[in-house]
Amino acid sequence: MASKYNTVMSKVTSNIDFFSDDVLKNPYPYLKELRDLGPACYLQKYDLWFIGRYKETANAIRDWRSFSSGSGCGMNPLINDIWSEALICEDPPIHTEKRKLFDSRLNSESLKPVADVIDARADLMVEQLLKKQHIDIVKDIAEDLPIHIVMDLIGWPADVRPYLIELGAHSLNCLGPDNARTHATFPKLEKIAELCRKVYDENTLMPGGFGHTVAQAARAGLMPEEAVFGLLAGYIVAAFDTTIAGIASGCWLFATHPQEWEKVRTNPALVPSAFTEILRLETPIQHFARLTTKAIELEEGVVIPENSRVIISYASANRDERQFQDADKFLADRSPRPTLSFSAGVHTCPGQGLARLEANAVFGALARKVKCIELSGKEIRELDNITRGFESIPAKLYA
C-alpha cells in the first residue's frame with residue numbers, strides 16, 4: 001500500500017503557491033492546471049489537498065461524513081479552535097439544530113415581507129446614482145442593501161452599524177493557511193467577538209430581528225451563549241462580504257461585457273439566471289477546507305489519506321470544462337445548470353435566498369433604468385485567502 005501511495009503522490013503533487021499574490025489576482029489558469037492534474041492534488045507548500053473538478057467537489061461537499069466540517073473549515077488550527085461554535089464548522093446533529101434557526105428566519109416565506117422594501121430601496125439607489133457624474137460600484141451599489149436592509153433583518157443596534165462593514169470586510173482571510181493575510185485578520189476577529197458579546201450582554205439587539213431571536217433562545221437555555229456569538233459573528237464575517245462581492249462582480253462583468261448587459265436590459269426576466277452565471281464565473285467564496293475522516297479513493301488511482309485537510313474549491317468546480325461548455329465565458333443567458341456557488345448538502349448557504357433577493361433587486365433596478373455601465377477608472381482587486389471581490393470599481397451609469 002505504501003508503494004502505491006508514493007506512486008500516486010508523485011503524479012498529483014503540485015508546487016503552486018496557491019495563496020500568493022499572483023495566484024489570487026488571477027486564479028483561474030492555476031485552478032485549471034490543478035484540475036487537469038487529477039481529481040485531487042496535493043499542494044506541497046501548504047500540506048493541503050485540493051479538489052477542484054465539479055463532480056468530485058459536488059460529491060465532497062454533500063458527503064459530510066467523509067469530508068467533515070466538524071474539525072473546522074479553515075486551513076490553520078487556530079481559527080478552527082476559535083470558530084468551533086460557528087455553524088460552518090459543525091456537522092450534524094449539532095449543525096442541524098442550529099441550522100433550524102437560520103432556516104426559520106431566512107426561508108422564502110419569511111423573506112416575503114421585506115421583498116418590496118428591498119426592491120424600493122434598489123430603485124431609489126439607482127435613481128440617485130444616475131444623478132452623479134461618477135460612482136464607485138463597490139461603495140455606492142454593492143454595499144447599499146447590506147447596510148440599509150440586512151442590518152435591520154439581523155437587528156443590529158444603530159450605534160454599532162457604522163463599524164460592521166469595516167469589521168466584516170475580508171475577515172474570512174482568517175480561514176487561510178499560516179500566512180500574513182491570515183494573521184492580520186485575528187485582531188479584527190477579536191473586535192467582532194467583543195462587539196457580539198457587548199450587544200448580547202446589553203440586550204440591545206432589536207426585537208423581531210434574527211439576532212434577537214437567537215439571543216432569546218440562549219437566554220431560554222435552548223442553546224449556549226457561545227453559539228449565539230458564533231451565529232452573530234457569522235453574519236458579520238460572511239453575509240456582508242459575500243453579497244457585496246457578488247453584486248460588485250456582476251456590475252464589473254456587465255461593464256466589461258456590454259453585449260451581455262444588453263441582453264439583460266432588454267429582457268429583465270434574465271436577471272435571476274444572470275446572477276447565477278455571475279456567481280459561477282466570479283464565485284465570492286472561492287473555497288473552504290474540510291478534514292477527511294477516512295482514506296478517500298478517487299478515480300485515476302488517487303487516494304487522499306485519512307485526516308487530510310482538503311481545500312474544496314467551489315470556484316474551480318464552477319469553471320470546470322467537464323461540466324460547463326465555454327466555462328470561462330460570461331453568458332448572461334446561459335442555460336441554467338447547477339452551480340456550487342452556495343455549496344450544497346447540509347452546508348448549503350442558509351442566506352442564499354436573501355442574497356438572491358438583494359442581487360435580483362439591484363440588477364432588476366439597473367436593467368429598468370440604466371442603458372450602459374461604463375468603467376471610468378482602473379478597478380482595484382482586494383486580494384483575499386477565501387473570497388474574491390473588489391476594493392473599488394470607478395464607473396459611470398447612463399440612463
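Under the 6.0 Å distance and 45° angle rule, Arg280 counts as a cation-pi partner of Phe324. With Phe275 as the aromatic partner, Arg356 does not meet the cation-pi criteria of under 6.0 angstrom to the ring centre and within 45 degrees of the ring axis. In this structure, Arg381 forms a cation-pi arrangement with Trp252, its terminal cationic atom sitting closer than 6.0 Å to the ring centre and no more than 45° off the ring axis. Tyr200 carries Arg219 over the face of its six-membered ring, with the cationic atom under 6.0 Å from the centre and within 45° of the normal. Remark: Arg197 is not positioned above the aromatic ring of Phe229, lacking an NZ or CZ atom under 6.0 angstrom from the ring centre and at most 45 degrees off the axis.
When side chains are defined from C-beta on, Trp49 counts as touching Pro305, because their heavy atoms get closer than 4.5 Å.
In summary, the aromatic rings of Phe254 and Phe330 are positioned with their centroids under 6.0 Å apart.
Ala248 approaches Ile137 most closely through the heavy-atom pair CA-CG2, 4.0 Å.
With hydrogens and angles left out, the side-chain atoms of Thr182 and Asn173 include no donor and acceptor closer than 3.5 Å. A donor-acceptor contact under 3.5 angstrom links the side chains of Tyr42 and Asp47, judged on distance only. For the residue pair Arg290 / Ser68, no side-chain donor-acceptor distance below 3.5 Å is found, with atom types taken as modelled.
A salt bridge is absent between Lys139 and Glu391: the closest approach of a Lys/Arg side-chain nitrogen to an acidic carboxylate oxygen does not fall below 4.0 angstrom.
Using a distance-only test at 3.5 Å, with no hydrogens or angles considered, a donor-acceptor pair links the side chain of Thr213 to the main chain of Gly209.
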